[in-house]
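Let me begin by presenting the structure, written as structure tokens, before commenting on it.
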Amino acid sequence: MEDGLISVDRWARGSEAYFLTHLHSDHTKGLSSKWSHGPLFCSPITARLLPIKFPNFNLSLLRILHTGTSHTISLRSPSSSNPTTVIVTAIDACHCPGSIMLLFRGDFGCELHTGDFRWEGSCEKARIAREMLGVALKEHDGVVDVVCLDNTYANPTYEFPSRSVAAQQVIDIISSHPDHDVIIGINNYGKEDLLLQISRAFDIEIWVSPQRLQTMHLLGLPDVFTTDTTVTRVRAVPMYSFSRKTLEGLNLIRPTIGILPSGLPWVKKSLKKNEFLSGSFLTSGSKRSRCDTDSTQVQMDKKIDKTGSPKMFDKYIFSVPYSDHSNCAELEDFIKLVKPSSLKGIVSSSTCYIEPMYYFGRLCTGNQPAPMLHNVEDVNVELDRNISKESYLLKGSGKRVVTINPETSFEDDNVELDRNRYRRKTSKVKLGSRMTKFIKRGGVKILEHVEE
DNA sequence: GCGATCAGAT
DNA sequence: CACATCTGATCGC
């Protein structure tokens with residue numbers, strides 16, 4: 001798509017129309033109460049929540065997109081100034097309240113932006129989303145040129161169960177601590193269903209902050225949330241306020257456990273050679289029931305559990321693999337359904353950023369040959385020489401990630417930015433038999449390959 | 001002084 | 001660990 005026509009979750013000046021997939025901060029950097037660059041398209045729920053985050057926002061700039069409905073937008077081509085139309089269809093992204101995927105069609109072809117999304121086979125909302133997407137794709141020739149993918153977990157080493165399974169794990173943990181207070185670390189939007197399930201299971205209210213309560217009311221959720229700490233033993237607190245020290249302090253007063261629902265990306269399945277995206281790998285584990293692994297014994301096991309069971313990483317803290325992002329198997333399902341010509345990743349902040357074409361390129365219909373990956377142990381560091389280096393440049397979130405060919409010098413033009421503000425920070429991530437090192441230079445993250 | 005950007009913590 | 005968030009420092013206007 002031509003630059004300057006539309007922007008998705010990007011807020012620099014110079015586009016004709018702007019689209020917001022959901023309200024998480026990493027997608028609203030640059031958006032503010034003083035927004036005036038152009039019309040902002042979003043879902044009804046996002047439009048309702050947006051004034052909380054951005055008070056005094058000029059609401060006349062909002063354009064509501066209802067899911068499953070095609071909206072035709074008349075714009076002007078930035079290059080030729082000729083009138084042009086873009087047809088956009090929003091699909092529920094099942095990530096957090098109001099989150100949507102966006103399917104664009106126009107002179108440029110067809111692009112699908114997933115935003116952050118969870119593509120759960122078992123979830124009713126996802127089933128409806130799948131149907132709506134199928135209909136939207138059939139409305140034209142069905143060809144999708146580019147998918148801009150939520151590649152947060154676009155790596156076969158990440159696997160975790162569905163949210164309903166993870167929610168049951170949370171309930172089991174609370175059940176096994178009948179005399180404990182419970183605090184659950186969550187962010188501003190998302191995981192409301194988890195809280196509702198807990199409320200139902202124990203027939204109790206859930207404490208939330210006054211602002212969170214306002215959000216719950218705006219979302220029209222059942223009236224099971226309270227700001228009174230005396231009526232419940234379960235509290236939802238911001239994740240950033242959640243720490244070992246918090247729990248230690250609370251335990252001086254009352255016995256308290258903490259539960260961290262998150263993608264649990266650090267539970268990694270170790271890959272065997274030649275196991276790259278094979279059917280047996282992707283279907284083993286992720287489709288297997290994990291209910292039989294939910295015993296307290298397993299929960300208490302500090303060993304890394306490959307099947308995505310709860311894990312205690314502290315005396316008081318349980319980590320549960322409840323993720324609002326798709327796991328790798330779900331991403332594969334999604335790409336197999338959409339069959340795009342090509343893929344781009346939207347997430348560049350990950351310290352373990354993986355170019356999605358590595359793993360999913362073979363599922364695309366474009367001319368790009370799938371990367372030659374003879375040894376899966378090298379998959380994260382071996383670069384496909386057929387994919388141009390430019391294709392690794394992300395324009396997503398203000399940072400650029402340059403994945404560099406091991407044979408390419410750091411003196412390359414693309415990374416030679418701002419020497420004066422040079423800062424160095426490295427961290428190492430174990431990936432297979434080699435180490436991958438990241439160097440940060442003034443906002444540019446570089447993937448370096450080093451031998452162990 | 002204000003907003004934008006970044007580092008650091010959680 | 002990582003996601004999403006917040007706080008506080010610094011930069012430029």
Side-chain angles (χ1 to χ4, degrees), chain A residues 9 11-13 21-36 52-54 95-97 99 115-118 150-155 157-160 163 166 183-191 194 209 211-212 215 236-249 258-269 302 304-306 308 311-314 316-317 319-327 346-354 396-400 417-418 420-431 435-436 438 440-445:
Chain A
D9 295 343
W11 310 103
R13 238 174 251 282
T21 61
H22 65 290
L23 273 173
H24 281 156
S25 305
D26 52 334
H27 292 253
T28 59
K29 272 177 194 148
L31 190 57
S32 74
S33 292
K34 297 172 182 170
W35 176 254
S36 62
I52 302 180
K53 197 175 178 93
F54 303 115
H95 171 69
C96 73
S99 63
D116 287 352
F117 81 124
R118 178 108 203 225
D150 173 11
N151 55 318
T152 308
Y153 299 125
N155 180 328
T157 61
Y158 296 146
E159 61 165 356
F160 41 80
R163 283 176 289 197
I183 64 169
I184 301 169
I186 56 167
N187 290 317
N188 281 344
Y189 308 103
K191 303 189 168 69
L194 171 63
S209 68
Q211 187 178 348
R212 241 317 189 157
T215 303
V237 303
M239 209 175 324
Y240 63 84
S241 73
F242 193 111
S243 71
R244 192 171 303 194
K245 273 191 173 168
T246 313
L247 266 296
E248 281 168 3
I259 296 175
L260 274 178
S262 79
L264 203 64
W266 53 94
V267 174
K268 292 182 181 180
K269 182 183 191 302
K302 287 194 176 189
I304 287 177
D305 187 304
K306 291 174 185 173
K311 179 190 163 206
M312 273 199 100
F313 63 75
D314 179 84
Y316 304 113
I317 299 177
S319 175
V320 179
Y322 189 104
S323 171
D324 287 327
H325 295 273
S326 300
N327 66 30
I346 63 168
V347 179
S348 61
S349 61
S350 169
T351 52
C352 193
Y353 173 76
I354 300 299
S397 58
K399 287 181 180 174
R400 294 202 310 166
L417 296 178
D418 226 346
N420 296 332
R421 294 179 59 200
Y422 178 91
R423 283 210 190 102
R424 190 181 173 104
K425 179 195 171 196
T426 64
S427 63
K428 284 185 175 179
V429 182
K430 186 95 171 89
L431 292 170
M435 300 297 276
T436 309
F438 294 87
K440 216 172 189 178
R441 288 187 183 182
V444 180
K445 217 182 261 179

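Values reported hereafter were calculated over all heavy atoms of this structure, with side chains retained and with hydrogens, waters and symmetry mates removed. Order of the sequence lines sets the chain letters (A, B, ...), proteins ahead of strands, with each chain counted from 1.
- Distance from the side chain of A:N188 is smallest to C:dC6 among B:dT10, C:dC6, C:dA4.
- Counting to the nearest Å, the P atom of B:dT10 and the CG atom of A:L247 are 14 Å from each other.
- One atom, OH of A:Y240, and another, C1' of C:dC6, lie 6 Å apart when rounded to the nearest Å.
- Here the C1' atom of nucleotide C:dA4 and the CZ atom of A:R212 are 12 Å apart, to the nearest Å.
- Distances shown here put every side-chain N or O of A:S241 at or beyond 4.0 Å from the OP1 or OP2 atom of B:dT10.
- Atom CE in A:M239 sits about 12 Å away from atom P in C:dC6, given to the nearest Å.
- Across all non-hydrogen atoms, the minimal contact from A:D324 to A:R118 is O-CB, 3.7 Å.
- Residue A:H27 is classed as having no contact, given no heavy-atom separation below 4.0 Å to the nucleic acid.
- Put simply, CD1 on A:I259 is 21 Å from P on B:dT10, counting in whole angstrom units.
- Here B:dG3 is the nucleotide among B:dG3, C:dA4, C:dC6 with the atom lying nearest to any side-chain atom of A:K34.
- In this structure, CG of A:D150 is placed 8 Å from P of C:dA4, rounded to the nearest angstrom.
- The closest donor-acceptor contact from the side chain of A:S209 to the backbone of A:R212 lies under 3.5 Å.
- Rounding to whole angstrom units, CZ of residue A:R244 and P of C:dC1 are separated by 11 Å.
- We find that NE2 of A:H22 is positioned 13 Å from C1' of C:dT5, with the value rounded to whole Å.
- The side chain to side chain donor-acceptor pair (under 3.5 Å) check on A:S243 picks up A:T246, with sequence neighbours excluded.
- Applying the ring pair (Phe, Tyr, Trp, His ring centres under 6.0 Å) criterion to A:H24, with sequence neighbours excluded, gives A:H22, A:H95.
- A:H95 has no side-chain polar atom (N or O) that falls below the 4.0 Å cut-off from OP1 or OP2 of C:dC3.
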